[in-house]
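Let me begin by presenting the structure, written as structure tokens, before commenting on it.
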Amino acid sequence: MRSAVSGPRVLLKRLREVMAESLGAQERLDKIVTDIAANMVAEVCSVYVLRADNVLELFATEGLNPSAVHEASLRVGQGLVGTIASTARPLNLEEAQSHPAFAYLPETGEEIFNSFLGVPILRSGRSLGVLVVQNKSKRAYRDDEVEALETVAMVLAELIAAGELEGLNRQGTGLDLSRPVQLNGDSLTEGLGLGYVVLHEPRVVVTNLFNEDADVEIDALRSALKRLRISIDDLLERGDVATDGEHREVLEAYRMFANDRGWVRRMEEAIINGLTAEAAVEKVQSDNRARMMRQQDPYLRERLHDFDDLAYRLLRELVGKPHGPIAEEIPGDCIVVARNMGAAELLDYSSENLRGLVLEEGTPTSHVVIVARALGIPVVGQVGNIISQADIGNAIIVDGDDGIVHLRPAADVETAYAEKVRFRARRQAEFDELRELPARTIDDQDVELSINAGLAMDLPQLEQSGADGIGLFRTELQFMVASHFPRPGEQEELYREIIDTAGHRPVTFRTLDIGGDKVLPYGQAIYEENPALGWRAIRLSIDRPGLIRMQIRSLMKAAAGRNLRVMLPMVTEVREALVVRRIIDREVGILTKFGYQLPKTLKLGAMIEVPSLMWQLDELFAVVDFVSVGSNDLFQFVMASDRGNPRIASRFDPLSRAFLRLLHKIIQKAEEHDKPVTLCGEMAGRPLAAMALIGLGYRSLSMAPSSVGPVKAMVRALDVRKLSKVFLVELAKPAGDQTMREILADFADQHGIPC
Ligand code: PEP
Ligand code: MG
């Protein structure tokens, strides 16, 4: 074998010529294998390409039986070639036949060859095929020879990714790159979205693979690395490293990796072998991704992710590309695919074009998910390795209802989903027709339907849904999506905008429900064993009264001369509401003293979310002007069932007798005290549950804007007297079966109520 130091450079130069020639795809591939074999003094050089059916097909060979081309094939995981593809790792063997995975393919006539070197053809860490050289003599290939073959494999990866080899295979199956893939994740926001992939961090397309002068490229790499290191140091030195969502820890890891000798050496070796600086970064990044995809340990995976991010930054440094997708490249129906992203970054995409979001990470409480929910966009999270499988412009379906993503869907899947979307649009059109009609039952009972909101961007939905008001405004969302603590002026501005837009419709502002798991990006995270039961919401407000004072003052100023409703989250003891009452009284005094106009009326309410209030209802109603049942939290505390844990999500039913009896007691007590009650948890937005609530006596429900239509359709078809006759009698019976879902569903069916 010739020296690999000059060998690969000569070979890459030759391959560049082959790529530039006007040849058919098969002819080009044949020439490539001949050139590799000659350059590496190997008797055999073969290329196997991965098909959509997970089979590796021999596409070209020098040295094996030519009639085996497009005939010989191996499944992924089968034989040496299949093992290389499945592990995305090279195999370097002195005596191939003695390897346990060796599989003999008689049509290739390969038994006479002993030594074997195979490398995966990788793109973004994914195996697209395998490149093999073989020799008759027994020998181990040197490290630099392995490195050289990997570099050449990269050229083949680009050829495959460019679609040049599509259609060459005899079987009529497409190549793996175009294969439909179904990926399962977590449903973070409901809904369906059909569109095309936009990678939030688009791959930098390396068009120039072969270098003219290695020294020039090494200089380019070194100076890009220098700029990168300086930019990381700058970020670290800036006091507010959290501004970009980049926490100090991540930046420290970046700095460490940017100085990692092994990383730099591997990139420089690839340049010496003939690649341009950017192609070298991509090659090493791809190897790293392959390791990342195999890595099970979450900590190491995270570190490899950091490396990946860094390589991406370095590539952008080298090719001078700005961060993020280019506006002109964003298609009309865009589905953003990202590892994770900040809330503000999602807002950079036009909401008119945005059809969905897919995240490799992401949890229901991520800020970006909260914003997506406010925009009404379906989100699926925890979708492993989607970025390495998706390409810009690929067709994609986001099924936020079931937590499924279909990448490059087959025609029948696409048709089925398109039909689902049309069906939903038709139903939506029906609901739109109800917009101006009252939510009145057949027996003339009026039900107030309001929406839950939390950001200014929710406001248009108030009009569109035809809701009666905002029953729950979650003020913490402004704090959660901001990059800094919202100043009093900013709070006041938002509250004024909300009140102005709502006009005559009432708005109930809930004071900050932060702490526990709702950590502010600029705040200090405090570890708690059970955050849901921890130092959060009203508890935190009482201990840090400056916060709630500032918020109440902003609310009062924003509501000058108008009605103001303030509601407290997570009240556990009546005393807590009294403390806030005193804070309000003090603010009234201060504002009056300084000549500010006060709100026309100010009503104070409490959320019933903690079971302890069930035994203080008389005292509570004596202190507050209204209550709102936060059934999400109340249910989780009553049932001892974490609301965010998918394992137990469907284990207990909010329509169980136990929970419904408890809700019944609240409404009965409220009637006794003549105090208004709303229910603003998720169940209010589900027509069947909303029907049960109306049956219990609830006449005010607050829900996600998209639920107003379906719930109103249910209300308008309901006769409450008839329902109560069946339902309340059943509810009082000693419980046999806990859930009343079936009884309610049967009633709805029998009376033609859409639930
Ligand atoms: C609830 O707990 O039901 C509620 C409406 O509040 P949140 O979902 O914001 O905790
Ligand atoms: Mg709650």
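Bear in mind that the values here come from a model prediction, so they are computed numbers and not experimental data. Numbering of ligands and ligand atoms starts at 1, following listing order.
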Which pairs of N or O atoms, one from ligand 1 and one from the protein, are separated by less than 3.5 Å, and what is the distance for each pair?
residue, atom, partner, partner atom, Å
ligand 1, 2 (O), E609, OE2, 2.8
ligand 1, 2 (O), D633, N, 3.0
ligand 1, 2 (O), D633, OD2, 3.1
ligand 1, 3 (O), G630, O, 3.4
ligand 1, 3 (O), S631, N, 3.1
ligand 1, 3 (O), N632, N, 2.8
ligand 1, 3 (O), N632, ND2, 3.3
ligand 1, 6 (O), R510, NH1, 2.9
ligand 1, 8 (O), R474, NH2, 2.9
ligand 1, 8 (O), N632, ND2, 3.0
ligand 1, 8 (O), R643, NH2, 2.7
ligand 1, 9 (O), R474, NE, 2.7
ligand 1, 9 (O), R474, NH2, 3.4
ligand 1, 9 (O), R510, NH1, 3.2
ligand 1, 9 (O), R510, NH2, 2.8
ligand 1, 10 (O), D633, OD2, 3.1
ligand 1, 10 (O), R643, NH1, 2.9

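Near the Mg ion (ligand 2), less than 2.8 Å away, sit the protein N, O or S atoms E609 OE2, D633 OD2.
When the salt bridge (Lys or Arg N to Asp or Glu O under 4.0 Å) test is applied to R510, the partners found at least two apart in sequence or on another chain are E476, D513.
E730 places no side-chain N or O within 3.5 Å of a backbone atom of I743 that could act as its donor or acceptor partner. In terms of modelled atom types and a separation under 3.5 Å, the side chain of E463 and the main chain of L459 share no donor-acceptor contact. In this structure, the side chain of K675 engages the main chain of F621 through a donor-acceptor pair within 3.5 Å.
The environment of CG in D749 is crowded: more than 12 heavy-atom neighbours from other residues, nucleotides or ligands sit within 6.0 Å.
Between P506 and R565, the closest side-chain pair of non-hydrogen atoms falls below 4.5 Å.
Between R496 and E493, none of the side-chain N atoms (NZ, or NE/NH1/NH2) sits under 4.0 Å from a carboxylate O, so this pair counts as no salt bridge.
Remark: aromatic rings of F635 and F659 are close, center separation under 6.0 Å.
Evaluation of the side-chain hydrogen bond (donor to acceptor under 3.5 Å, both in side chains) test over residues 703-712, restricted to residues two or more places apart or in two chains, returns none.
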